[in-house]
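A short worksheet on the structure shown next.
Sequence positions, counted from 1, serve as the residue numbers for this chain. The figures here come from the full heavy-atom set of this structure, side chains too, leaving out hydrogens, waters and symmetry mates.
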Amino acid sequence: MNITTIFITMIFISVMLILPILSSHFRKNNNLLIVYYFVILLYQIVAFTNAYWFRTIGADMDANSFHVLASDISNFGVFHFSSDANLYMNILGLLYWLTTPSHIIGGQLSILAISISIIILVSIINLLKLDKFQTPIIFTYAALPTMFTLGALTLREPIQIFLLITATFFGIKMKINSKMKLINFSLMVIFTLAAGLFHKAIFLFGSIYIFAFMVWNIDINSDKYKIKKFRLLFLLLIPIFMILFFYFASNSSISGSELFRKILSLEIMEAISKHRLSTPIGRASYEIAFETYSLFSVLYSTLLIYVNYLFTPFIWQVSSLTDIYAFIEATAHLILIYYSLKLWRSSEGITRSFIGLFLILFFIMTFMWALGTTNYGTGMRHKMISWWLLALMGVPLLYSKITIMMNKISFK
């Protein structure tokens, strides 16, 4: 490790250590502070192991490719503003050009993104009046093995997660703060579109995401929804806005534009079918084709694809140690989805309103990713993007249930 790498790494780590101290939420909760530093330590162990000892899980494919290509970009000193994976490679290449090409430097960028996302997620937790569950939510979100094994590598997912969480924070502020609606709306749009620049599917999801926040009516003083004249007019204009947005997006060169073109030309189902058929088959694959022969075949194959994306491997598919972990994680998804729905049913006011919105966004997001995923190995990486939503919604009641059960246990 040369002196430049040591110096820059220490700057990154120092920023991560200082961040929670600047937040009043962390200063008031020592347990939350401990959990934060514990999970950051986990990420750093993975980052340093991968950089100086051996390749960790997931570090030998896309992560290493991003590192190598970014190193090439830094050596040539030619950077391009692009989109999708190329954008991440150019950002990483610029960082390498300013410092030095190193796995540890690239890993620190990812860990910093996760660190900031934790700070912002805590603010979201408090806005939703779930502050007594800060610690278990953050631990569940950041300490998931998939999160810290992949979140410490040179991958674009940590940045995407950070941007979506930040966009959500400003979206919530937009709905509850009447004095700064335009500012918060603008910031929500900026961070949503920024996340979309890193992945074509997020770019498509981002349009749905923004419109969902725009039309979702949240009355913090009542559990009932009110439809005013201007809101009714706005709802009627939404389809026109969507068509115009899709039209201009489909004719742009930005990431995801080809998806919009296929949607407008009604070729999207054929494109999904071809993509799934052309994906290489591996041990972790679930061979489910997207059938378009009839309405029933579309609905049935879509349901199978979605269920497999969320919950595979099933118990009869477990044949190795890695499958055991994948099965545990899939089970955790099932449990947290159940408790998320339960929280929505039992909560009131602003919490219920936002949990309802987040449930819709979660199912839309995972459904979109499911259509392009054919194996549970890739699915685990894709589900990192939506995992924070499940942790936010599912952990409160699950934690309460576990606490009650533990209190009933007598150790006498």
Side-chain angles (χ1 to χ4, degrees), residues 61-62 83-85 146 156-157 160 164 195-196 198-209 211-212 239 242-243 245-247 249-250 254-319 323 326-327 329-331 333-334 337 359-387 389-390:
M61 298 184 70
D62 285 357
S83 58
D84 213 40
T146 299
R156 49 186 167 151
E157 277 77 8
Q160 295 167 15
L164 283 175
F198 285 91
H199 198 287
K200 63 185 69 175
I202 297 181
F203 186 69
L204 177 59
F205 172 74
S207 63
I208 301 171
Y209 185 90
F211 285 118
M242 288 289 286
I243 292 172
F245 179 84
F246 272 52
Y247 173 77
S250 67
I254 205 167
S255 170
S257 59
E258 67 274 15
L259 289 178
F260 289 98
R261 283 194 289 270
K262 288 183 172 64
I263 291 172
L264 287 177
S265 62
L266 303 179
E267 296 176 356
I268 187 64
M269 290 198 295
E270 182 182 352
I272 293 171
S273 181
K274 288 181 178 179
H275 169 76
R276 298 187 66 83
L277 290 173
S278 62
T279 304
I281 297 174
R283 190 185 66 82
S285 298
Y286 39 89
E287 300 177 45
I288 303 174
F290 181 63
E291 305 289 355
T292 58
Y293 305 119
S294 64
L295 177 60
F296 175 78
S297 66
V298 169
L299 295 176
Y300 182 67
S301 62
T302 299
L303 177 62
L304 288 180
I305 289 169
Y306 191 49
V307 170
N308 275 271
Y309 173 78
L310 286 178
F311 306 125
T312 51
F314 300 113
I315 187 64
W316 58 85
Q317 296 173 313
V318 174
S319 60
D323 287 346
F327 171 73
E329 185 175 303
T331 304
H333 272 77
L334 177 62
I337 288 173
L359 275 170
I360 292 172
L361 291 173
F362 169 79
F363 287 122
I364 292 174
M365 183 189 298
T366 50
F367 176 76
M368 288 175 57
W369 262 256
L371 293 176
T373 306
T374 59
N375 68 84
Y376 55 81
T378 303
M380 290 169 65
R381 177 175 161 184
H382 288 170
K383 284 185 284 189
M384 291 172 65
I385 309 297
S386 57
W387 175 248
L389 277 171
L390 267 191

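Between Thr366 and Trp369, the closest side-chain pair of non-hydrogen atoms is not below 4.5 Å. You'll find the side chain of Phe290 reaches within 4.5 Å of the side chain of Val298, heavy atoms only. Looking only at side-chain heavy atoms (C-beta outward), Met365 and Leu164 come within less than 4.5 Å of each other. No side-chain heavy atom of Ile305 sits less than 4.5 Å from a side-chain heavy atom of Phe367.
Applying the side chain to side chain contact (heavy atoms under 4.5 Å, CB included) rule to Ala330 yields no partners; only residues at least two apart in sequence or on another chain are considered. By the side chain to side chain contact (heavy atoms under 4.5 Å, CB included) test, Thr378 pairs with Thr373, Asn375, His382, sequence neighbours left out. Among residues two or more places apart in sequence or in another chain, the side chain to side chain contact (heavy atoms under 4.5 Å, CB included) test is passed with Ile364 by Phe205, Ile208, Ile360, Met368. For Asp62, the side chain to side chain contact (heavy atoms under 4.5 Å, CB included) test picks out Phe66, Leu155, Arg381, with sequence neighbours left out. Taking the side chain to side chain donor-acceptor pair (under 3.5 Å) definition, one finds that Thr146 meets it with Tyr325, Glu329, sequence neighbours left out.
Of all heavy-atom pairs spanning His333 and Phe311, the tightest one is C-CE2, 4.3 Å. The shortest heavy-atom contact between Ile288 and Leu304 is CD1-O, 3.8 Å. Phe327 approaches Ile315 most closely through the heavy-atom pair CE1-N, 3.8 Å.
Atom CD1 of Ile337 and atom CG of Leu389 lie 11.0 Å apart (nearest 0.5 Å). Between the CZ atom in Phe296 and the CG atom in Leu299 there is a gap of 8.0 Å [rounded to 0.5 Å].
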**Request:** Start with the C-alpha distance between Tyr209 and Ile202, add both sets of side-chain angles, then the distance that settles side chain to side chain contact (heavy atoms under 4.5 Å, CB included), and finish with yes or no.
**Result:** CA-CA 9 Å; Tyr209 185 90; Ile202 297 181; over 6 Å; no

**Message:** Would Val307 and Tyr286 count as a side chain to side chain contact (heavy atoms under 4.5 Å, CB included) here? Give the steps.
**Reply:** CA-CA 11 Å; Val307 170; Tyr286 39 89; over 6 Å; no

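Under 3.5 Å, the side chains of Asp323 and Tyr376 contain a donor-acceptor pair of N or O atoms.
Counting only residues at least two apart or in different chains, side chain to side chain donor-acceptor pair (under 3.5 Å) contacts with residues 294-304 comprise Ser294-Ser297.
With a 6.0 Å cutoff to the six-membered ring centre and a 45° limit on the axis angle, Lys383 counts as a cation-pi contact of Tyr309.
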